[in-house]
There are 2 protein chains.
Amino acid sequence: MDFEHADALNQAIRLLSLRHRARAASLLAPLGLHTGQEALLLQLDRTGPMIQAQLSEALGCEPPSVTLMTRKLEAGGHIRRTPAPSDKRASIVELTDSGKALADQVKQLWCALAEETVGGLPAETVAELPGILKTLTDNVDTRRPTTQAALARSSAVRSPSKAS
Amino acid sequence: MDFEHADALNQAIRLLSLRHRARAASLLAPLGLHTGQEALLLQLDRTGPMIQAQLSEALGCEPPSVTLMTRKLEAGGHIRRTPAPSDKRASIVELTDSGKALADQVKQLWCALAEETVGGLPAETVAELPGILKTLTDNVDTRRPTTQAALARSSAVRSPSKAS
DNA sequence: ACACATTGGTTATGCACATAACTATTATGC
DNA sequence: GCATAATAGTTATGTGCATAACCAATGTGT
């Protein structure tokens, strides 16, 4: 791939990151949330109580980041951290009632943001977009085991003619 | 759009941002660069000397960010800042020889990263990816005038005009 | 039983990003 | 001319993210 195309792609990803994050920030600010915190709330809403190590894995960020984010959300009264009875090292993180209510509000915003984001794109493209983005993510993911495994068990990607 | 799809999309964008940035960081680290700095070097390489306000616009980040990044790159000897003769407020930023050499190395990495990123995707998808990502970006861009332009060229992949 | 690696979590520190408040210069009103 | 707005840049501060170093609890070998 020549530099022109490579640059166009890398720059497009970089700018999308910046702008999508900025837009999310402006939507979340009225709720008193910063970007990243919404992901934690939504994760707990999806799966119920988790320990921080699981959150770190699910959110795709490192344990120290989870420590700080949970601390702030706890200070805001949106989550609760209780020591795990079976493992004294771990602390169980769960949503408070306030956190659940907040998560519901975030869900609303999230739908609006998604619609705004894909505005003007054909439905067909919108449908395959999450799968494409996931492929890109797995391709550059240094946290997960290998890229091949991800492709193999990914139901959203429909191009199995790849086995280099 | 229901929450399931919205969440899949927003989360995909969030994770792509994190992983692509992390991968870029691991590639740039050997050069002594942090992510974001490479964008500044490439921009100067593309367009020649610029003042910081222009860099801020081109990079899509705010003036204070440019101040800090230029300061660090200047400390590293990769760029030079000279006061503009015509406007005593502005300072002209340009690549040093060291910076030019570094930009060339970044270009190599950038090609490798782009290829790695789109691995396993059909060429057709790869071709229209930059255009799609740009549309997404424009849709959520709060810096630029409006999102009307994005709607107009909904299916357009190539964007010859810089839309400045 | 006990040394040792592994795991869960925190603290310290650094970077890119943001906004808000500020200075210094330039442009524009009258 | 001179007051005022607009612009270029910096400083202060706060956030999410990262890595490195560290502590405490749990597992595992022999």
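Here is how names work: the chains are called A, B, and so on, in the same order as the sequence lines, proteins then strands, and each is numbered from 1. These numbers come from a predicted model, not from an experiment.
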Does [X] have a side-chain nitrogen or oxygen under 4.0 Å from the phosphate oxygens OP1 or OP2 of [N]?
X       : N      : result
A/Arg23 : C/dA18 : no
A/Ser91 : C/dG9  : yes
B/Arg19 : D/dC17 : no
B/Gln37 : C/dA16 : yes
A/Arg81 : C/dT10 : yes

query = When you measure from every atom of DNA chain C, which of residues 46-73 of chain A have a heavy atom less than 4.0 Å away?
reply =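 Of all residues in residues 46-73 of chain A, the ones placing a heavy atom under 4.0 Å from DNA chain C are A/Ile51, A/Gln52, A/Ala53, A/Pro63, A/Pro64, A/Thr67, A/Arg71.
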* To do: Could you check which residues of residues 106-114 of chain A get a heavy atom under 4.0 Å from DNA chain C? Sort them by number, please.
  =>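 Within this stretch, nothing sits under 4.0 Å of the strand.
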Between the main-chain N or O of B/His78 and the side-chain N or O of B/Thr96, is there a donor-acceptor pair closer than 3.5 Å?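 Indeed, once roles are kept as given, a pair shorter than 3.5 Å links the two residues.
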- Message: Quick test of your reading of the model: are B/Lys107 and B/Asp45 salt-bridged, counting only N-O distances below 4.0 Å?
- Response: yes
Open item on the list: Salt bridge check, A/Asp138 against A/Lys134: does any charged N sit closer than 4.0 Å to a carboxylate O?
Closed with: yes
query = Got a sec: does the CD of B/Glu94 have more than 12 other heavy atoms crowding it under 6.0 Å?
reply = yes
Here the pair of heavy atoms bringing B/Met50 nearest to B/Ala58 is CE-CB, 4.3 Å
To the nearest angstrom, how far is [X] atom [atom1] from [N] atom [atom2]?
X       : N      : atom1 : atom2 : value
A/Leu15 : C/dA16 : CG    : P     : 17 Å
A/His34 : C/dT19 : NE2   : P     : 11 Å
B/Leu33 : C/dG14 : CG    : P     : 19 Å
A/Ile92 : C/dG8  : CD1   : P     : 13 Å

Decide side chain to side chain contact (heavy atoms under 4.5 Å, CB included) for B/Asp7 and A/Arg46; before the verdict, give the C-alpha distance in whole Å, the side-chain angles of both, and the deciding distance to 0.1 Å. CA-CA 11 Å; B/Asp7 187 43; A/Arg46 267 191 294 264; 2.3 Å; yes
For this session: Measure from the side chain of B/Asp87, starting at C-beta and using heavy atoms only, and say which of C/dG9, C/dT25, C/dC17 lies closest.
Result: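 Of the candidates, C/dT25 comes closest.
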Looking only at C/dG9, D/dC17, C/dT26, the nucleotide nearest the B/Arg89 side chain is C/dT26
